[in-house]
Amino acid sequence: MDALWMVLLLVVPALLLTSSTFVFYFKKCFYVGYMMILGIVAMPLCILKSGGRDIENMRIIRNLVRHVKYFLGLRFEVSGWEHLQTEGPYVIISNHQSSLDVLGMMEVLPDRCSMIAKKELIYAGTVGMVCWLGGIVFINRKKTSDAKSVMADAAKTMQDEKIRLWVFPEGTRNQKGDLLPFKKGAFHLAVQAQAPIIPIVFSSYRSFYLTKEKEFKSGSITLKILPKIETKGLTTDDVATLTDQAYDIMRSAFLEMSGPAPLLSNGPSKH
Ligand SMILES: CCCCC/C=C\C/C=C\CCCCCCCC(=O)SCCNC(=O)CCNC(=O)[C@H](O)C(C)(C)COP(=O)(O)OP(=O)(O)OC[C@H]1O[C@@H](n2cnc3c(N)ncnc32)[C@H](O)[C@@H]1OP(=O)(O)O
Ligand SMILES: CCCCCCCC/C=C\CCCCCCCC(=O)OC[C@@H](O)COP(=O)(O)O
């Protein structure tokens with residue numbers, strides 16, 4: 001009987017830990033569960049500090065989230081810090097590979113900076129509530145006219161309250177080894193707010209995180225903060241060119257940092 005318990009208590013966990021599929025699901029569940037728990041901690045702190053929804057709550061969220069990388073075996077290396085030393089409002093744009101991007105965002109998140117996110121995120125339990133408390137701007141991606149009007153209001157708030165917003169111009173998560181064509185909302189936002197755009201490129205996760213293959217190993221991520229792109233004096237007519245300019249700069253940096261994309265059936269296209 002004792003021997004049977006020994007097998008159950010030692011051998012079975014040891015076998016499970018050597019299974020990469022088990023480690024993948026374990027780390028994913030841990031990440032979601034732990035973020036939900038951090039959400040429970042963050043909610044009262046945010047309410048006590050600011051009394052409700054306030055961009056200043058992002059400082060609390062940033063401080064609470066920054067240690068999570070250690071549990072998942074992730075390391076971040078950041079270059080180009082000097083490009084974030086910009087006064088006043090700006091729009092940060094970055095590529096979007098996974099919900100793990102939140103950990104990288106919290107490594108570099110400047111003060112008075114929140115995000116644009118899909119409206120469904122508000123229903124993600126305590127994480128959703130914390131996103132609301134942190135001043136995240138929720139958009140309905142299925143209704144462009146609604147999203148445009150929410151973003152126009154956000155542009156005004158950026159100017160009036162001197163805030164920064166982080167947008168994922170790909171509009172969805174993408175692990176294809178190349179950037180998706182950019183949506184235009186981030187660029188309209190920057191032009192409407194007459195605020196510069198600061199691109200940040202996350203290196204590819206494919207050396208340690210593969211969703212199809214169910215692999216989640218330890219790994220290192222490089223975040224490259226690129227020089228700002230000015231928008232002063234630009235108008236709606238310049239948005240398409242601005243979008244192409246940002247896409248080209250970020251794609252070159254992404255491919256340089258991550259190696260060439262794996263072969264795609266049709267190759268990337270711009271818009
Ligand atoms: C301690 C606590 C722990 C717990 C909590 C932990 C962490 C919490 C904190 C932080 C977590 C935050 C995580 C946030 C991540 C969220 C990530 C996302 O949700 S990504 C998905 C949502 N984001 C986006 O979709 C942004 C990008 N999309 C766009 O910008 C789109 O353009 C759009 C506005 C949604 C519209 O979509 P559409 O498909 O119609 O896109 P097009 O770009 O093709 O546009 C069509 C047409 O409209 C014109 N257009 C677009 N936007 C505007 C605008 N703002 N104003 C005017 N016109 C606009 C565009 O030019 C096109 O017209 P045309 O072709 O003639 O040029
Ligand atoms: C309706 C639920 C929305 C999903 C959120 C699941 C809850 C995850 C819980 C903890 C993870 C911690 C931080 C979560 C923030 C991640 C936000 C995110 O990455 O959303 C995905 C969105 O960018 C694009 O969505 P799609 O790729 O188009 O789909």
Side-chain angles (χ1 to χ4, degrees), residues 27-46 55 57-69 72 91-106 109 113-156 158 165-176 180-193 197 202 211 235-244 246-247 270-271:
K27 280 176 133 180
K28 289 273 286 189
C29 292
F30 170 82
Y31 179 51
V32 173
Y34 192 58
M35 291 297 256
M36 292 289 182
I37 292 168
L38 285 180
I40 297 173
V41 177
M43 275 192 292
L45 294 178
C46 291
I55 200 159
N57 288 332
M58 271 298 165
R59 286 174 193 261
I60 296 173
I61 297 168
R62 182 178 63 192
N63 291 335
L64 278 172
V65 169
R66 285 191 68 162
H67 69 284
V68 177
K69 60 181 182 241
L72 298 173
V91 174
I92 295 180
I93 54 172
S94 72
N95 52 318
H96 191 18
Q97 298 177 72
S98 151
S99 62
L100 293 172
D101 296 346
V102 170
L103 303 181
M105 294 169 93
M106 296 303 156
L109 193 77
C113 184
S114 195
M115 297 101 200
I116 301 275
K118 61 176 182 179
K119 72 171 178 42
E120 292 83 354
L121 191 58
I122 206 168
Y123 304 112
T126 58
V127 168
M129 286 184 233
V130 169
C131 287
W132 182 83
L133 286 167
I136 287 185
V137 177
F138 296 99
I139 56 165
N140 184 349
R141 292 181 294 183
K142 293 179 197 115
K143 278 200 176 165
T144 304
S145 57
D146 282 9
K148 281 197 230 178
S149 104
V150 169
M151 288 175 83
D153 289 347
K156 194 163 176 334
M158 281 178 72
L165 283 174
W166 190 309
V167 188
F168 291 101
E170 292 170 286
T172 188
R173 284 165 290 181
N174 159 42
Q175 287 192 306
K176 293 195 168 67
L180 293 179
F182 283 178
K183 306 270 184 186
K184 299 213 181 84
F187 307 94
H188 281 286
L189 178 70
V191 166
Q192 285 163 10
I197 296 168
F202 287 59
T211 38
T235 66
T236 309
D237 291 344
D238 301 305
V239 164
T241 317
L242 188 61
T243 309
D244 285 351
Y247 181 84
K270 255 187 194 172
H271 305 297

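Note that ligands are numbered from 1 as they come in the structure, with each ligand's atoms numbered from 1 the same way.
Closest to atom 7 (C) of ligand 2, if we only count protein heavy atoms, is Ala124 CB, 3.9 Å. Annotation: atom 33 (C) of ligand 1 to nearest protein heavy atom, Ala147 CB, 4.5 Å. From the protein, the heavy atom lying nearest to atom 39 (O) of ligand 1 is Lys183 NZ, 2.9 Å. Scanning all protein heavy atoms for the shortest distance to atom 20 (O) of ligand 2 gives Lys118 CE, 4.0 Å. The nearest protein atom to atom 16 (C) of ligand 1, hydrogens excluded, is given as Ala117 CB, 3.5 Å; this is a heavy-atom distance. For atom 22 (C) of ligand 1, the closest non-hydrogen atom of the protein is Lys118 N, 3.5 Å. In this structure, the protein non-hydrogen atom closest to atom 20 (S) of ligand 1 is His96 CD2, 3.9 Å. Regarding atom 9 (C) of ligand 2, its nearest protein heavy-atom neighbour is Val32 CG1, 3.9 Å. Nearest to atom 1 (C) of ligand 2 among the protein's heavy atoms is Glu120 O, 3.4 Å. Protein heavy atom at the shortest distance from atom 64 (P) of ligand 1 is Lys184 NZ, 4.0 Å. Nearest to atom 27 (C) of ligand 1 among the protein's heavy atoms is Phe168 O, 3.3 Å. Scanning the protein heavy atoms around atom 8 (C) of ligand 1, the nearest turns out to be Cys131 SG, 3.7 Å. Protein heavy atom closest to atom 29 (O) of ligand 2, with residue, atom name and distance, is Arg173 NH2, 2.8 Å. Of all protein heavy atoms, the one lying nearest to atom 23 (O) of ligand 2 is His96 NE2, 2.5 Å.
Residue-ligand proximity, Gly171 to ligand 1, at heavy-atom distances under 4.0 Å covers atoms 21 (C), 24 (C), 25 (O), 27 (C). Close approach of ligand 1 to Leu64 (heavy-atom distance below 4.0 Å) involves ligand atoms 1 (C). Atoms of ligand 2 lying under 4.0 Å from any heavy atom of Met35, numbered from 1 in the order shown and given with element: 10 (C), 12 (C). Which parts of ligand 1 touch Arg141 is read off a 4.0 Å heavy-atom cut-off, strictly below it: atoms 21 (C), 22 (C), 25 (O). Near Leu121, with a cut-off below 4.0 Å to any heavy atom, the atoms of ligand 2 are 5 (C), 17 (C). Set against the non-hydrogen atoms of Ser99, the atoms of ligand 2 under 4.0 Å away are 16 (C), 19 (O).
Where the criterion is an N or O separation shorter than 3.5 Å, residue side chain and backbone included, Met35 fails it with respect to ligand 1. Remark: ligand 2 and Tyr31 share no N or O pair separated by less than 3.5 Å (distance only, no angle test). At least one N/O-N/O distance between His188 and ligand 1 falls below 3.5 Å. The shortest N or O to N or O distance between Arg141 and ligand 2 is under 3.5 Å. Any N or O atom pair closer than 3.5 Å counts here, and Ser98 shares no such pair with ligand 2.
Looking at heavy atoms from C-beta onward, Met129 lies in side-chain contact with Met43 at the 4.5 angstrom threshold. Within the 4.5 Å cutoff, no side-chain heavy atoms of Asn95 are placed close to those of Asn174. Using a 4.5 Å heavy-atom threshold, the side chains of Val65 and Met105 count as separate. In this structure the side chain of Val68 reaches within 4.5 angstrom of the side chain of Leu38, judged on heavy atoms. You'll find the side chain of Leu242 reaches within 4.5 Å of the side chain of Ile197, heavy atoms only.
Considering only non-hydrogen atoms, atom 38 (P) of ligand 1 lies nearest to Thr144 out of Val239, Leu103, Thr144. Of the listed options Met151, Met43, Met115, Met151 places a heavy atom closest to atom 34 (C) of ligand 1. When Val102, Thr172, Val65 are ranked by how near their heavy atoms come to atom 15 (C) of ligand 2, first place goes to Val102.
Contact detail for Met35 and Thr126: the closest heavy-atom pair is O-OG1, 4.4 Å. Looking at every heavy atom in both residues, Ile93 comes nearest to Ala186 through CG2-CB, 3.7 Å. Among all heavy-atom pairs drawn from Ser94 and Pro169, the shortest one is O-CD, 3.3 Å. A pairwise comparison of heavy atoms in Tyr31 and Val102 identifies OH-CB, 3.9 Å as the closest pair. Met36 and Ala124 make their closest contact through CE-O, 3.5 Å (heavy atoms, listed as atom of the first residue, atom of the second, distance).
For the pair Asp238 (side chain) and Thr235 (backbone), a donor-acceptor distance under 3.5 Å is present. For Asp101 (side chain) and Ser98 (main-chain N/O), a donor-acceptor pair under 3.5 Å exists by modelled atom type. Within the 3.5 Å criterion, the main-chain N or O of Leu72 finds a donor-acceptor partner in the side chain of Lys27.
Distance check, rounded to the nearest 0.5 Å: CD1 of Ile55 to CD1 of Ile136 gives 9.5 Å. We find the CE-CG distance between Met106 and Asn63 to be 10.0 Å, quoted to the nearest 0.5 Å.
Heavy atoms of Met106 found under 4.0 angstrom from ligand 1 belong exclusively to the side chain. In Ala42, the part holding a heavy atom less than 4.0 Å from any atom of ligand 1 is the side chain. Proximity of Val167 to ligand 1, defined as any heavy-atom pair under 4.0 Å, is confined to the side chain (atoms from C-beta onward). No part of Asp101 comes within 4.0 Å of ligand 1, judged by heavy-atom distances.
Applying side chain to side chain contact (heavy atoms under 4.5 Å, CB included) to Cys131 and the options Ile122, Leu121, Ile61, Asn57 leaves one that passes, Leu121.
For atom 25 (O) of ligand 1, the nearest protein heavy atom lies under 4.0 Å away. Distances from atom 51 (C) of ligand 1 to the protein include at least one heavy-atom value under 4.0 Å. When distances from atom 62 (C) of ligand 1 to the protein are checked, no heavy atom turns up under 4.0 Å.
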- prompt: Please walk me through it: do Met115 and Ile92 pass side chain to side chain contact (heavy atoms under 4.5 Å, CB included)?
  reply: CA-CA 9 Å; Met115 297 101 200; Ile92 295 180; over 6 Å; no
- request: Begin from the C-alpha positions of Lys183 and Val167 and carry the test side chain to side chain contact (heavy atoms under 4.5 Å, CB included) through to its verdict.
  value: CA-CA 10 Å; Lys183 306 270 184 186; Val167 188; over 6 Å; no
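Close to ligand 1: Ala186, with a non-hydrogen atom less than 4.0 angstrom away. Heavy atoms of Gln192 approach ligand 1 to within less than 4.0 angstrom. Residue contact annotation: Ile139 has a non-hydrogen atom under 4.0 Å from ligand 1. Using a 4.0 Å heavy-atom cutoff, Val102 is listed among the residues neighbouring ligand 1.
Ring geometry, Phe182 versus Phe187: the interplanar angle falls under 30°, so the pair is classed parallel (tilted spans 30 to 60°). Classified by interplanar angle (parallel below 30°, tilted 30° to 60°, perpendicular above 60°), the ring pair Phe168/His96 is parallel.
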